[in-house]
Protein chains: 2
Amino acid sequence: MAQGMDKASLGELHMLVEHVGPLHAGDHVFRVGDPFEAIAAVRAGTVKTYIIDPGGREHVLGFHFPGEVIGLDGIDGDTYPCNAVALDTVMLCRFSFPKISVLAGRLPGLQQHLFRLLSRDIGRAALLSGDWTADERMAAFLVTMSRRLAARGFSADRFQLTMARTDIANYLRLAPETVSRVLKRFQSDGLLNVDRRELEILDQARLGALAAPVLWKQ
Amino acid sequence: MAQGMDKASLGELHMLVEHVGPLHAGDHVFRVGDPFEAIAAVRAGTVKTYIIDPGGREHVLGFHFPGEVIGLDGIDGDTYPCNAVALDTVMLCRFSFPKISVLAGRLPGLQQHLFRLLSRDIGRAALLSGDWTADERMAAFLVTMSRRLAARGFSADRFQLTMARTDIANYLRLAPETVSRVLKRFQSDGLLNVDRRELEILDQARLGALAAPVLWKQ
DNA sequence: CGTTTGTTTGAAAGGCTTCAACTACAGTGG
DNA sequence: CCACTGTAGTTGAAGCCTTTCAAACAAACG
């Protein structure tokens, strides 16, 4: 959150940061309809955002790793439009939105940063759209996760699938059975090793090639 | 663009508006890689935004009708990430983004309006995602188009499909043949009449019911 | 009037889902 | 420590929807 801002500005930012946590698996950060008051940055753990449609089916909107921001889609409205739940042990920083919004009026750097965060999310949603094959979706999911974790200092080749297969399926708009089958085939093709929720990517190059049609924009 | 703003503010806004047009079918508003300088509001006609993937396939990102804003996704970066082309005779208002951005720092109402515009687009992209059937997609497309046109004073029941079948197909991630077949079936089911690009919705209720699973969020 | 582009129609093929059953694991209480 | 129970994950077979391929057709344009 510190880009184009001087030290004094950062000082002001610290004034409106509230540290939250630890939350445990299953704890909710916010729920649909909760009054929108703050956005939050994940400091540790994984947060899943999702909605339940009228038919009772769950749609996973995204997974959020350390360094990433949740709650941005609440800005257009006075309540959160989705649920956010911790998948493991989670630490957060809450930023009061009214306060940050006022501050943004005085700090062009902050305003621009917020504009950019919002604008970026418009594009990110496009990952899901498109009629990709199950293989392409899964590869793109794994490559994206690997990159995002690596950007935060974690291993790009070994990490945990902190979410259930069902969550992955709901995120990728696939049946859980398909997720299972694709992962198995990827393993027998030597692309990766997967044991329960432990994942090791063996061939980033080939996996990236599979994901390429989906990720060419990023 | 006038919400929570007083007359003096509106006066300032008029200072940075530039009227553009008329553009004719096939004329581009901007192209991928053009320097991002402005957002634009459609005053008349239809604008299609799209990208060409490395395989040469066109992906239609959206259609934009009078009263709607294009170019927002350029904010995160210094060039436009997509192409915008006129589908018929188009009139535009250009808003210089650097200027509007500075002004937003002084007008909290404008800043909030921009935040909301951006935030809303994050959600809108979700229309495409989801693994809906061809019928559901087409119904949602027609209902959404009808509503948006009606919101601007046009007829909700009779309007022109200003875009080609191929464009609709690329937008809905369907084959053009499927678009053709679905429209034909809708017609023989008494949902609508379609003659070339002229469309009349005969049964908004049933069409809305078909689209409901896709549109329940809006 | 011929050519090009866009649209429609038909038949076959493919990929994912659905349904059903089975397996593995974690937590619980005996 | 071990059986038990419930949840999560895996595996197999059948079915369905959309795509693909191919061709006919219509409209627009020179």
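All chains are named by letter (A, B, ...) in the order of the sequence lines, taking the proteins before the strands, and each is independently numbered beginning at 1.
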Please check if any side-chain donor atom of [X] sits under 3.5 Å from a side-chain acceptor atom of [Y], or the reverse.
| X | Y | result |
| --- | --- | --- |
| B:His64 | B:Thr49 | yes |
| A:Glu136 | A:Thr133 | yes |
| B:Ser146 | B:Gln204 | yes |
| A:Asp53 | A:His59 | yes |

Which atom pairs link the protein and nucleotides 24-28 of chain C when you take only N or O atoms and keep those under 3.5 Å?
none

(message) Taking B:Val60's backbone N and O only, do any of them form a donor-acceptor pair with B:Asn170's side chain (distance below 3.5 Å, no angle check)?
(response)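 No; judged by distance alone, with no hydrogens or angles, the pair does not exist.
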(message) Taking the minimum atom-to-atom distance to the side chain of A:Glu177, which one of D:dG9, C:dT7, C:dC19 wins?
(response)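 Taking heavy atoms from C-beta onward, the closest nucleotide is C:dC19.
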(message) As a test of reading the structure: which of C:dT17, D:dA22, C:dC16 is closest to the side chain of A:Ala134, going by heavy atoms?
(response)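 Nearest to the side chain of A:Ala134 among the choices is C:dC16.
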In whole angstroms, how far is the [atom2] atom of [N] from the [atom1] atom of [X]?
| X | N | atom1 | atom2 | value |
| --- | --- | --- | --- | --- |
| B:Leu172 | D:dC17 | CG | C1' | 16 Å |
| A:Arg185 | D:dT10 | CZ | C1' | 15 Å |
| A:Gln187 | D:dT11 | CD | C1' | 15 Å |
| A:Asn170 | D:dA8 | CG | P | 12 Å |
| B:Asp131 | C:dG15 | CG | P | 18 Å |
| A:Arg181 | D:dG9 | CZ | P | 15 Å |
| B:Met138 | D:dT18 | CE | C1' | 13 Å |
| B:Arg165 | C:dT5 | CZ | P | 19 Å |

Phosphate oxygens OP1/OP2 of [N]: is one of them under 4.0 Å from a side-chain N or O of [X]?
| X | N | result |
| --- | --- | --- |
| B:Thr178 | D:dT19 | yes |
| B:Arg197 | C:dG6 | no |
| A:Lys184 | D:dT10 | no |

(request) Describe, in one word, how the ring planes of B:Phe36 and B:Tyr80 are oriented to each other, choosing from parallel (under 30°), tilted (30 to 60°) and perpendicular (over 60°). (result)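 Perpendicular.
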(message) Strictly below 4.0 Å, N to O, side chains only: are A:Glu177 and A:Arg165 in salt-bridge contact?
(response)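 No salt bridge links A:Glu177 with A:Arg165.
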